[in-house]
Amino acid sequence: MSNIEEKHSTLETIISQRKEKIKQIKELGVNPFSYNYSVTHKNNEILENYDKFENKEVAIAGRLMAIRKMGKASFANVTDSTGKIQLYISKKDIGEDKYKLFKILDIGDFVGCKGIVMKTRTGEITVKVLELELLSKNIRPLPIVKEKDGVLHDTFSDKEQRYRKRYLDLILNPDVKGTFVKRTKIIAATRKFFDEKGYLEVETPILQPIYGGANARPFETYHNTLGMNLFLRIADELYLKRLIIGGFDKVYEICKNFRNEGMDKSHNPEFSMIEFYEAYVDFNYMMDLVEEYFKNIAKTLGSLEIEYDGNKIDFNKPFQRISMFKLFEKYLEVDISDYGKEELIPLCEEKNFEFDPKWNYGQFIDALFGEFVEKHLIQPTFVTDFPKEISPLAKTRRDGNEKLVERFELFIGKEEYVNSFSELTDPIDQRKRLESQAKLRDQGDKEAQIVDEDFLQALEYGMPPTGGVGIGLDRVIMLFTGQTSIKDVLFFPQMKKENE
RNA sequence: GCACCCGUAGCUCAGUUGGCAGAGCAGGUGACUCUUAAUCACAAGGUCGAAGGUUCGAGUCCUUCCGGGUGUACCA
């Protein structure tokens with residue numbers, strides 16, 4: 001025997017068997033990849049209105065998810081976008097040829113069937129098939145999830161596979177679909193909320209010659225014809241402000257932003273935000289609007305009280321509004337509102353908190369807040385009184401306190417969801433602030449902002465007082481779907497290349 | 001970035017002290033006309049994530065690398 005037997009893995013064997021089946025199916029005169037099918041009803045309609053459908057004819061279509069053969073008659077489960085229904089298929093009803101076809105079908109195939117709605121002896125609503133059609137042949141075996149008494153067995157649970165092959169996750173883990181339907185509902189409700197407030201939805205460039213509006217490292221790309229470097233936007237702030245300067249009163253954009261930095265449970269390199277800007281209002285007005293927005297989304301999804309990551313979050317009450325320094329007083333047990341950098345250094349030492357002596361006042365406050373305060377902010381809380389150094393696009397406090405700006409962030413369940421300020425409209429001040437960012441950049445802060453001359457020029461023409469807000473939509477979606485990883489609210493989270 | 005955990009058949013998982021790589025499901029063949037994690041019988045299916053090393057002998061121990069998860073840090 002000189003013939004070398006090819007060693008096949010199970011997978012290769014199954015795929016070649018199914019390709020062989022395609023040949024057989026064609027020999028039976030059947031197209032294994034048909035063009036259309038006239039569906040009269042969805043599975044759930046039938047299951048929910050059995051009385052109406054009993055003994056009536058229906059035509060349904062979907063994917064075969066289980067097959068139980070018993071000789072001359074068989075049962076199968078077929079799943080469509082609404083749910084799973086049982087088929088009863090007997091040789092007597094569909095004829096010798098079609099039964100032969102049925103017998104070579106596999107789990108994963110799409111079928112269409114016309115038949116009579118009935119109940120089996122055990123009471124299960126079932127379509128007794130009279131005409132069976134193969135709509136699309138599967139050749140790669142679908143993972144099999146079994147279910148008994150509501151308990152799932154052998155679930156498709158490998159997170160890596162679920163993220164890389166989201167289509168399988170959607171087929172095999174029904175809850176996943178629900179999360180993404182909710183995602184779409186939240187986006188739609190967001191759009192509706194701002195449309196009804198008289199905001200104009202706009203689109204601004206994703207490819208930007210200069211990036212800005214946030215502190216982050218960008219993705220860089222290159223345009224061949226223009227011969228220039230472009231950046232994927234890290235925020236759309238500076239463009240939306242240009243539109244306010246241009247005379248729009250209220251604009252919003254639901255935008256994808258791109259930030260070239262670390263990834264974790266709440267950071268994906270591309271993510272969704274909504275930013276909105278309104279002329280003639282300040283950050284206090286925006287606090288009201290943001291509070292209304294969150295209550296609106298909660299209501300849309302059914303409840304003003306939710307549970308998230310082990311915490312009960314209550315949207316009924318007015319959100320707490322509190323100065324960062326009051327929070328420091330509470331959790332640091334020191335009033336640091338009059339402290340400068342010189343006083344903060346011994347405080348850090350006393351609290352055993354590691355710091356970089358090169359930090360400016362704002363960076364100290366920011367770091368201390370992150371370490372000692374954030375973890376306590378469970379219920380919705382507007383935090384105000386941010387230092388100027390970490391807020392280069394926000395107006396100085398109107399009461400003359402030069403260290404602080406009119407800015408708030410909304411925290412829920414220890415996470416930041418919203419960032420907002422009374423937008424800085426003074427072009428001279430704005431230039432100064434961006435220049436001091438540039439200085440930080442020169443000192444090695446890769447996330448400091450860039451001086452955008454075009455934006456500064458726009459400001460010089462005059463910008464009305466404006467309130468602006470950015471909301472991290474993926475996080476909002478996580479909150480209202482109960483997911484604690486951003487990967488579970490993105491259809492296709494970013495992954496490293498799989499090795500072969 | 002650091003720490004810990006995981007990677008075995010298409011899927012879900014066993015694999016003891018280092019001693020012949022296993023099961024269920026799916027797939028194949030056969031039986032079976034109300035099954036439903038259908039059942040029964042038979043046969044098949046493996047680069048144990050990759051590469052090195054220790055050893056008479058490595059799925060198992062060591063090193064490096066790849067991928068994933070969790071925590072932590074950076075992060076708006």
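Naming convention: chains lettered A, B, ... in sequence-line order (proteins, then strands); numbering from 1 in each chain. Heavy-atom basis, side chains included; hydrogens, waters and symmetry copies ignored.
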Query raised in the report: At under 4.0 Å between heavy atoms, what does Glu409(A) touch on the DNA or RNA strands: base, sugar-phosphate, or nothing?
Result: base
Under 3.5 Å, which protein N or O atoms sit close to an N or O of nucleotides 25-27 of chain B? Give each pair with its distance.
unit_1, atom_1, unit_2, atom_2, d
C25(B), O3', Lys146(A), NZ, 3.2
A26(B), OP1, Lys146(A), NZ, 3.2
G27(B), O2', Gln17(A), OE1, 2.5

Query - Base-pair map of RNA chain B as dot-bracket, where | denotes pairing with a different strand and pairs are Watson-Crick or G-U under 3.5 Å - result: (((((((..((((.....[..))))..((((.......))))......(((((..]....))))))))))))....
Query raised in the report: With respect to the phosphate group of G69(B), does any side-chain polar atom (N or O) of Lys265(A) fall under 4.0 Å of OP1 or OP2?
Result: no
Report task. Could I get the full list of salt bridge (charged side-chain N to carboxylate O under 4.0 Å, His left out) partners for Asp97(A), not counting sequence neighbours? Result -> none
Requested in this report: Find the distance Arg166(A):CZ to G68(B):P and express it as a whole number of Å.
Outcome: 14 Å
Query raised in the report: Under 4.0 Å: is that the gap between some side-chain N or O of Arg68(A) and OP1 or OP2 of A38(B)?
Result: yes
Query - C1'-based separation of U60(B) from U8(B) [nearest Å] - result: 11 Å
Query raised in the report: Would you say a side-chain N or O of Arg164(A) is under 4.0 Å from OP1 or OP2 of G68(B)?
Result: yes
Report task. Identify, with sequence neighbours excluded, every residue that meets side-chain contact (heavy atoms from CB on, under 4.5 Å) alongside Ile345(A). Result -> Lys341(A), Glu349(A), Phe355(A), Phe364(A)
Query - For Glu133(A), salt bridge (charged side-chain N to carboxylate O under 4.0 Å, His left out) partners two or more places apart - result: none
**Report entry** Presence of donor-acceptor pair under 3.5 Å, side chain of Asp264(A) and base of C74(B)
**Finding:** yes
Name every donor-acceptor pair, under 3.5 Å, that has one atom in a side chain of residues 378-392 of chain A and the other anywhere in the protein, sequence neighbours excluded.
unit_1, atom_1, unit_2, atom_2, d
Gln379(A), OE1, Asp314(A), N, 2.8
Gln379(A), NE2, Lys312(A), O, 2.7
Thr381(A), OG1, Gln379(A), O, 2.7
Thr384(A), OG1, Ile322(A), O, 3.4
Asp385(A), OD1, Arg397(A), NH1, 2.9
Asp385(A), OD2, Ser323(A), OG, 2.8
Asp385(A), OD2, Arg397(A), NH1, 3.3
Lys388(A), NZ, Thr396(A), OG1, 3.1
Lys388(A), NZ, Glu402(A), O, 3.3
Lys388(A), NZ, Glu402(A), OE1, 3.0
Glu389(A), OE1, Gly362(A), N, 3.4
Ser391(A), OG, Pro387(A), O, 2.9
Ser391(A), OG, Arg407(A), NH1, 2.7

